[in-house]
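Note sheet for the following structure.
One-based numbering, in listed order, for ligands and for the atoms of each. Residue numbers start at 1 and run along the sequence shown.
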Amino acid sequence: MELSEVMRTTASVRAFTDEPVRPEDLHRVLDDARFAGSGGNKQGWHVTVVRDPELRRKLAALSAANWARYLAESAAGYRSFNPIDQAPPDLPVPDGLPTHPMLDAIDTVPELLVVTVDLQVLAVTDRDLDRFSIIGGGSIYPFVQNLLLAARNIGLAGVLTTFLTASEPEAGPLIGLPEHHAIVAMIGLGHPVHQPTKLKRNPVEAFTTIDRVDGPPLAPPT
Ligand SMILES: Cc1cc2nc3c(=O)[nH]c(=O)nc-3n(C[C@H](O)[C@H](O)[C@H](O)COP(=O)(O)O)c2cc1C
């Protein structure tokens, strides 16, 4: 596929056909993803391919609890898991919330990847600021996005989920997470039941300005 088309159509896909991912395709996706940049080119990523059904179910159960919390906080009017406007920790989770399609079908997701990162190799230039730190993620999520783009390029699809990280103390030992490593994402990968090709995204003018963040919007080309 052409790069621009891949970038514009890499949607989050949470339901997969029962067609397996060929080993050579999984390898190719990872082989493309590894060209992502990272601070100091330290490449602190690790990918665990989870195939043990019992382990999959445990990871899905941990994720599902945080998905329920996400929905409950959203239903209560919060931007869930937001670092600034935090919902009360004891917010009740009502019954009957929708379940997550990928977690529901965890036994049949063709490939399940847990991406982790070695925090000891990160250079986090906002580490000492008096606000929530964002820079560390920049050394690992380009790898994750590359992985999803590489999958789309060969007709596969997937979804980046981050709910497992909220249960890292419980999930880490299940996958042998070393000390000072963090869970970055749990990604389901497979052939999409449906491949969306029209993604909802804001136009360039909505997020690009001249000279200042509150400056005039970058004009579209005439
Ligand atoms: C950092 C990050 C975390 C995400 N976490 C989850 C998640 O835990 N579960 C999930 O189903 N989707 C997750 N998503 C996918 C988003 O919901 C998705 O990118 C967004 O809704 C746009 O959907 P689209 O790409 O299909 O248009 C995540 C995406 C990003 C970038």
Side-chain angles (χ1 to χ4, degrees), residues 1 3-16 33 36-38 44-45 47-48 50 56 58-75 78-84 87 93 97-106 108-117 119 122 124 132-153 155-168 170-172 175 182-204 206-207:
M1 287 175 69
L3 175 63
S4 178
E5 191 192 346
V6 172
M7 292 166 75
R8 286 166 173 263
T9 62
T10 299
S12 300
V13 169
R14 301 174 178 85
F16 308 101
S38 57
W45 45 75
V47 179
T48 303
V50 181
R56 279 181 169 217
K58 286 179 182 167
L59 298 178
L62 289 169
S63 291
N66 296 314
W67 166 248
R69 183 176 152 202
Y70 177 87
L71 293 179
E73 290 186 2
S74 302
Y78 292 93
R79 177 66 191 119
S80 187
F81 287 100
N82 187 265
I84 295 161
V93 176
L97 291 173
T99 54
H100 190 282
M102 187 189 84
L103 301 177
D104 286 348
I106 203 71
T108 56
V109 171
E111 293 288 5
L112 188 70
L113 313 179
V114 176
V115 180
T116 55
V117 65
L119 301 176
L122 298 185
V124 183
F132 174 78
S133 176
I134 194 74
I135 296 295
S139 279
I140 183 66
Y141 286 105
F143 172 82
V144 174
Q145 181 68 6
N146 256 10
L147 195 158
L148 293 169
L149 294 170
R152 171 76 183 121
N153 188 43
L156 297 171
V159 59
L160 188 187
T161 74
T162 49
F163 289 124
L164 188 61
T165 305
S167 292
E168 193 175 275
E170 297 81 20
I175 57 164
I183 295 175
V184 168
M186 184 165 86
I187 302 171
L189 210 59
H191 294 268
V193 169
H194 169 64
Q195 174 63 58
T197 53
K198 287 203 185 324
L199 275 53
K200 281 191 208 152
R201 299 293 189 267
N202 296 325
V204 171
F207 59 82

Handout entry: Non-hydrogen side-chain atoms of Asn66 and Phe81 separated by less than 4.5 Å
Key = yes
Practice task
Could you name the protein residues that come within less than 4.0 Å of ligand 1, counting only heavy atoms, and order them by chain and residue number?
Solution key: Ala11, Ser12, Arg14, His100, Val159, Leu160, Thr161, Thr162, Phe163, Leu199, Arg201
Handout entry: Side chain to side chain, Ser80 and Leu71, heavy atoms closer than 4.5 Å
Key = no
Handout entry: Set of side chain to side chain donor-acceptor pair (under 3.5 Å) partners for Thr161, sequence neighbours left out
Key = none
Handout entry: Donor-acceptor contact present, side-chain Arg14 to main-chain His100, <3.5 Å
Key = no
Handout entry: Beyond-backbone contact of Val115 with Phe143, side-chain heavy atoms, under 4.5 angstrom
Key = yes
Practice task
Mark yes or no for whether Arg56, through its side chain, and Ile106, through its backbone, hold a donor-acceptor pair below 3.5 Å.
Solution key: yes
